[in-house]
Amino acid sequence: MGATSNASPAPLNSALSSFPSLKALKFTTKQQELLIRVSALALIYVLAFVVRLFSVLRYESMIHEFDPYFNYRTTLFLTKNGFSEFWNWFDSESWYPLGRIIGGTLYPGLMVTAALIHRILHFFSFAVHIREVCVLTAPFFASNTTLVAYFFGKEIWDSGAGLVAAALIAICPGYISRSVAGSYDNEGVAIFALLLTFYLFVKAVNTGSLAWSLASAFGYFYMVSAWGGYVFIINLVPLYVLVLLVTGRYSMRLYVAYNCMYVVGMLLAMQIRFVGFQHVQSGEHMAAMGVFFLLQVFYFLDWVKYILNDIKLFHSFLRITLTCAITVGVLALSIGTASGYISPWTGRFYSLLDPTYAKDHIPIIASVSEHQPTAWSSFMFDFHILLFLFPAGLYFCFKRLSDATIFVVMYGLTSMYFAGVMVRLILVAAPAMCLVSSIAVSATVKNLSSLVRAKSKSPQGSGKPLSGSKAAAKASADQSLPFQKNGAIALLLGALYLLCRYAIHCTWVTSEAYSSPSIVLAARGHGGGRVIFDDYREAYYWLRQNTPPDAKVMSWWDYGYQITAMGNRTVIVDNNTWNNTHIATVGRAMSSYEHEAYEIMLSLDVNYVLVVFGGVTGYSSDDINKFLWMVRIGGGVFPVIKEPDYLVNGEFRVDKGAAPKMLNCLMYKLCYYRFGEMTTEYGKPPGYDRVRGVEIGNKDIKLEYLEEAFTTSNWIVRIYKVKPPKNRW
Amino acid sequence: MECRLPFSLVVFCLVILSSTVRSELVISSVEKFVDLHSHIVRVVSFLKVENQGPYDVSEFVLAFPDAQAKNLATMLVIYLEEGKIIYSEFPTSSTKPKSKQSNMTFYPVTLPKKLEKGKTAGLDVYVVLTNLLKPLPKEITQAESQLLVYTDNIYYTSPYHIRNQSIVFRLPGRIESYSEYSEMRLVESELRYGPFEEQPPFSYSPVVVHFENNNSFAVASNFVQEIEISHWGNVQVTEQYTIIHGGAHLKNGFSRIDYQANPSMSGASSFRTLVARLPPMSHSVYYRDEIGNISTSHLRGDSQGTQLEMELRFPMFGGWKISFSIGYSLPLHDFLFESDAGNNVLNITFGSSIEEIVVENQIVRVVLPQGSKDISVKSRFPTKKSQELKYSHLDIVGRPVVVLEKDNVVPEHKRYFQVYIYYKFNNIFLLGKAMMLILGIFLLFLMCILYMHADLALSKTSSWEEETEGRK
């Protein structure tokens with residue numbers, strides 16, 4: 001804790017002066033503290049970057065997962081064609097035959113950031129490929145986030161807490177999971193923008209400065225341009241303001257900060273096409289507007305109170321005004337909602353407030369694994385000691401309540417709730433956890449170390465009492481306690497041990513769990529060597545090279561972005577799940593009999609069908625395991641598809657006891673075509689599925705309307721060609 | 001002097017005409033070997049030429065049908081006298097005869113010394129032809145073998161009278177069918193026609209061989225090689241390939257289970273690996289494509305060279321296409337020499353490092369260091385040359401790039417042809433970038449110092465804060 005070194009200048013200086021060569025480098029205490037702080041920050045900055053490079057070292061500099069491929073593709077387009085082309089881009093390669101207006105349906109912050117970094121580098125004539133920029137964007141912003149965390153911690157507590165917060169967030173697994181090198185996704189920059197906006201807003205509330213408030217509005221603008229999670233800001237900030245109002249902490253500073261931030265931020269956010277007028281029209285943003293008007297009412301009342309100078313008169317006035325304001329507000333809201341001007345809450349928002357909502361109403365949201373409620377184990381996995389430090393930090397916050405600590409407490413509590421509702425929102429909670437925990441660590445260590453120091457000092461130089469420090473005073477008061485010094489040392493060592501465990505855990509989690517690109521799969525071979533399954537890229541590259549350029553590929557939506565980015569072919573549906581009916585059509589085709597599916601495929605001009613199959617390698621996230629979601633989503637729109645047809649006594653099976661419709665649907669046929677001839681495991685019958693652990697039920701699969709076009713070396717991706725329609729005569 | 005020069009020209013032209021038209025030369029014997037082992041056809045003809053005319057002859061004309069001349073990649077002519085190699089040449093200039101044999105292309109070869117009358121000399125002609133093997137049937141399934149057809153003239157195509165000749169086809173394996181002639185013999189995989197006696201000039205009778213050939217039919221439709229020179233001691237070579245399997249197209253799709261169960265039977269005509277022979281001392285080798293690194297490759301190095309065995313992303317079947325790039329670094333001192341005039345001479349091997357591949361279009365881009373001047377190129381075969389600029393790391397004026405382009409390149413080009421690039425470079429430019437970096441970092445620190453010392457605040461205390469605090 002660089003900030004607490006004000007107690008020991010004398011011995012250090014004398015030690016320094018004994019080195020004649022270091023005499024020239026003699027610093028004052030303040031300079032020493034600054035030096036330690038800056039170098040610690042610099043180290044944290046580098047650490048945050050370096051710890052995210054596991055995947056580059058293990059695999060290569062490549063884009064990970066699904067969504068980043070879309071971001072990469074659009075960034076490529078942006079750097080090649082310029083911003084206005086990008087803004088007006090109509091992409092006919094996805095959602096065939098509907099297409100997608102890219103410029104109007106995405107958050108451009110990430111792409112513009114990467115393109116800007118690329119351009120700056122090229123301006124300084126560093127001929128870096130855009131792919132490298134994209135791969136390293138997330139680690140770079142993670143490093144920047146540590147800086148913001150430092151300043152934020154400094155703002156809410158002290159610079160010691162800031163340093164701890166920076167160090168904690170640099171390696172927090174919950175944050176690393178979305179910001180490793182190659183994870184080129186919106187969240188990578190959005191968490192930086194989120195924390196920056198919060199920090200600037202708190203700074204603005206603390207100072208009442210218009211400049212900070214404006215800066216926070218621009219931070220908010222950046223956040224809006226980067227991620228849909230900005231809704232969290234636009235709801236948390238008004239909630240915070242409301243809490244301050246209720247607790248009687250209303251001040252001019254708050255008025256300035258919120259008004260400026262809300263009005264400018266809103267106007268700026270409207271410039272993003274995807275967001276548009278939602279700030280004034282959508283139900284999710286109404287809270288902010290309500291609080292905005294409430295603040296005006298407050299200010300007005302404050303002014304009236306100042307003018308009137310009569311308590312009785314003011315109270316009656318207050319009653320009338322409040323009733324009027326609330327009536328007008330409720331009336332406006334109900335009229336807006338009834339007339340359809342204010343749109344109701346979206347399904348995603350509902351599912352946040354009610355975790356069971358998606359499961360019953362929107363299978364497409366429920367089918368995504370990262371939208372599932374969080375298990376306790378993943379809390380432990382992603383936060384480790386922060387889980388225990390968080391309540392401790394809350395205790396310290398309540399002990400020293402200020403506008404800033406109230407904010408961080410609210411941020412922590414709300415984001416913890418959301419993290420519990422959806423796995424992916426652990427990411428949003430991570431900075432709050434780190435900040436609150438850092439307060440706990442910093443305050444504890446500060447108290448303990450001053451205890452230790454006061455004890456050791458008192459026998460030698462008792463003529464120098466540490467006045468002013470509360471902890472020291474407490475220490476001198478409790479001098480009579482036995483083993484106090486030893487106890488403090490033990491506790492310090494314990495804290496050190498905990499922090500070390502945290503660092504070890506974070507590194508382990510990063511290297512084991514979060515650094516796999518998921519495009520390339522690695523497994524341990526028999527000899528202990530690493531076996532690489534590069535089947536995805538094999539298939540996508542085959543599509544890219546050996547199919548006609550205008551070929552349409554049908555696959556489940558998970559692979560849409562990858563097919564367009566790596567395979568460069570048109571897809572029917574992709575990960576931007578904006579049209580549920582279209583996805584349901586694909587789901588229906590996959591779960592129909594072959595001749596029915598053929599009709600659907602002809603109507604969609606499909607040339608190739610791509611399925612992912614893990615039965616040979618034991619790769620469990622394949623299409624057969626996702627199949628029930630296809631049935632559910634398909635059945636949600638087309639009632640001809642009924643889930644019970646594919647189940648036997650409510651059980652999903654692929655072996656001999658499977659439902660007849662299951663054994664003959666298109667997905668089953670495509671996955672298991674000629675699989676019955678294959679021996680996958682020694683001592684098992686041919687056609688043994690290693691994922692499901694059963695011998696498949698239908699080994700004699702004949703394809704009438706499709707033919708096998710390509711299967712990758714480990715069978716993970718299988719591509720079939722749709723035969724042209726037969727002549728009628 | 002001034003009038004003798006045109007006169008000698010006239011004489012020269014007369015000699016050419018007379019030699020071709022009147023042909024005092026007679027080929028006493030020709031033995032032609034056609035090697036059909038790979039998709040590149042290599043023809044070696046051993047000729048014995050006799051001068052029967054009254055004059056000494058200084059030129060010999062080689063004739064090719066247009067179909068062959070169009071696909072002729074390179075040709076080597078070796079002149080022998082009494083069994084000893086006296087001279088070898090790579091004829092490149094062709095002429096079209098004005099006579100009725102308009103489907104012929106002539107390559108005149110100037111003899112190193114005049115062939116005196118009555119004398120005999122030996123000529124070995126080595127010809128490399130591409131694109132002449134046609135798959136028949138054009139489409140095969142995965143289980144079938146690839147069959148090719150080669151058509152040629154059974155007689156040696158020549159403007160001269162030939163006394164005795166024979167032609168031999170060397171085949172890689174099973175033979176499906178072939179033209180029947182009375183003088184023919186099939187021994188194992190060697191098909192021999194002849195000898196044929198006393199044939200007049202331009203005798204023609206077709207011969208067709210239909211045979212099995214499953215050797216990898218790799219054709220690089222596009223090959224761009226970039227050689228970047230750094231005077232710090234490194235040469236960075238990047239090679240970009242677009243490779244097509246030029247054989248019989250695959251029909252009825254690709255079945256992985258058949259391919260895995262018995263790779264030799266199923267998919268015999270496909271290829272999975274390509275081997276590149278890199279120069280000795282190659283290091284930092286990479287192998288990737290547009291969507292990332294290709295992790296399946298093996299690198300073996302010895303003093304003779306480095307061998308890179310590249311496993312392609314997918315097995316290549318007829319008509320399939322794949323593109324990828326490889327790159328490697330080499331020590332500069334093996335390639336750069338200094339000539340006496342203070343010039344730097346760069347010695348480049350032309351051609352692809354992949355074995356047994358036909359390159360339809362090759363572009364070599366030699367990126368010289370920033371500040372190179374007086375660039376000239378010397379090569380033994382015609383190439384399209386141009387110059388451009390490339391901007392790489394920390395370049396201000398750009399690096400001059402010499403671009404060489406050539407169609408129809410075969411491995412023989414690598415063996416026999418070197419390209420020399422002359423340029424001047426002052427080593428002081430080497431320090432330029434280092435100085436730029438130093439200056440840049442210095443400026444950065446300077447700005448930090450200035451920022452730390454400058455006081456940008458308008459007033460020491462904010463009156464606004466005081467005011468709000470006061471109101472509270």
Side-chain angles (χ1 to χ4, degrees), chain A residues 59-63 69 121-122 124-128 131 207-210 251-253 255-256 302 306 517 519-520 522 530 532-542 544-546 562 565-568 616 673-678 706-715 718-721, chain B residues 142 242-245 249-261 272 286 288-296 311-324 370 390-399 433 436-437 440 448 452 462 464-472:
Chain A
Y59 296 91
E60 57 184 279
S61 167
M62 69 186 293
I63 309 286
Y69 269 96
L121 285 176
H122 272 251
F124 288 109
S125 64
F126 289 99
V128 190
R131 185 187 56 245
T207 57
S209 145
L210 209 54
S251 66
M252 203 59 204
R253 293 173 285 119
Y255 182 79
V256 169
D302 212 26
Y306 179 70
I519 289 283
V520 184
R530 208 163 65 128
I532 288 213
F533 299 124
D534 204 355
D535 286 42
Y536 278 111
R537 288 195 291 183
E538 183 181 341
Y540 296 145
Y541 208 58
W542 183 83
R544 188 185 186 105
Q545 299 277 337
N546 294 309
Q562 293 179 350
M566 285 194 271
N568 197 17
V616 176
Y673 178 64
R674 296 194 69 185
F675 182 66
E677 302 165 32
M678 170 118 181
L706 295 117
E707 64 176 17
E708 188 179 3
F710 188 77
T711 299
T712 57
S713 42
N714 299 304
W715 290 55
R718 309 195 72 180
I719 300 170
Y720 292 85
K721 191 176 183 208
Chain B
Q142 195 178 329
T242 304
I243 287 178
I244 292 172
H245 186 299
H249 284 222
L250 177 73
K251 69 175 176 193
N252 293 346
F254 161 68
S255 167
R256 174 69 66 174
I257 189 160
D258 292 340
Y259 186 74
Q260 272 174 343
R272 180 91 216 228
Y286 68 81
R288 58 172 300 135
D289 59 26
E290 290 152 290
I291 60 169
N293 196 25
I294 306 163
S295 36
T296 46
E311 200 166 314
L312 304 174
R313 277 210 194 268
F314 44 83
M316 290 286 284
F317 281 90
W320 284 13
K321 191 181 86 172
I322 196 163
S323 57
F324 58 85
Q370 199 171 222
K390 185 195 170 181
Y391 292 91
S392 187
H393 297 296
L394 296 174
D395 284 342
I396 295 168
V397 290
R399 310 180 186 201
K433 281 183 191 172
M436 262 172 67
L437 279 179
C448 282
M452 293 302 280
S462 170
W464 165 249
E465 272 173 38
E466 281 165 9
E467 191 183 311
T468 48
E469 292 305 313
R471 270 188 75 176
K472 257 175 94 181

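Here is how names work: the chains are called A, B, and so on, in the same order as the sequence lines, proteins then strands, and each is numbered from 1. Remember, predicted model here, so these are calculated numbers, not experimental data.
Of the atoms belonging to A:Arg718, not a single heavy atom falls under 4.5 Å from chain B. Interface remark: A:Met62 contributes no atoms to any contact with chain B (heavy atom separation under 4.5 Å). Both the backbone and the side chain of B:Asn293 come within contact range of chain A, judged by heavy atoms closer than 4.5 Å. Contact of A:Glu538 with chain B is made through backbone and side chain together, with heavy-atom distances under 4.5 Å. Proximity to chain A (any heavy atom under 4.5 Å) is shown, for B:Thr242, by neither the backbone nor the side chain. Contact of A:Glu677 with chain B is made through backbone and side chain together, with heavy-atom distances under 4.5 Å. Of the atoms belonging to A:Tyr673, not a single heavy atom falls under 4.5 Å from chain B.
Counting non-hydrogen atoms of neighbouring residues, nucleotides and ligands closer than 6.0 angstrom, the NZ atom of A:Lys721 reaches no more than 12 such neighbours.
Closest approach of B:Ile257 to A:Trp715, counting heavy atoms only: CB-CZ2, 3.7 Å. In plain terms, the two heavy atoms of A:Ala127 and B:Tyr391 that are nearest each other are CB-O, 4.3 Å. The two atoms that bring B:His393 and A:Val128 nearest to each other are CE1-N, 4.4 Å, heavy atoms only.
Not counting sequence neighbours, the partners of A:Ser61 by the side chain to side chain donor-acceptor pair (under 3.5 Å) test are A:Glu132. With sequence neighbours excluded, the residues forming a side chain to side chain contact (heavy atoms under 4.5 Å, CB included) with B:Ile396 are B:Gln370, B:Met436, listed by chain and number.
At least one side-chain heavy atom of B:Trp320 sits less than 4.5 Å from a side-chain heavy atom of A:Phe710. Between B:Ile294 and A:Arg537 the shortest side-chain heavy-atom distance does not fall below 4.5 Å. In this structure, B:Arg313 and A:Gln545 have side chains that are not in contact, with every pair of non-hydrogen atoms separated by 4.5 Å or more. Under the 4.5 Å side-chain criterion, counting only non-hydrogen atoms from C-beta, B:Lys321 is not in contact with A:Trp542.
For the options A:Thr712, A:Ile519, A:Ile532, heavy-atom pairs under 4.5 Å to chain B are most numerous at A:Thr712.
Relative ring orientation between A:Tyr541 and B:Phe314 is described as tilted, the plane-to-plane angle lying within the 30° to 60° band.
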CA sep, side-chain torsions, deciding dist, call: B:Ser255, A:Arg674, side chain to side chain donor-acceptor pair (under 3.5 Å) | CA-CA 9 Å; B:Ser255 167; A:Arg674 296 194 69 185; 3.1 Å; yes
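Looking only at distances, a side-chain donor or acceptor of B:Arg256 sits under 3.5 Å from a matching main-chain atom of A:Thr711.
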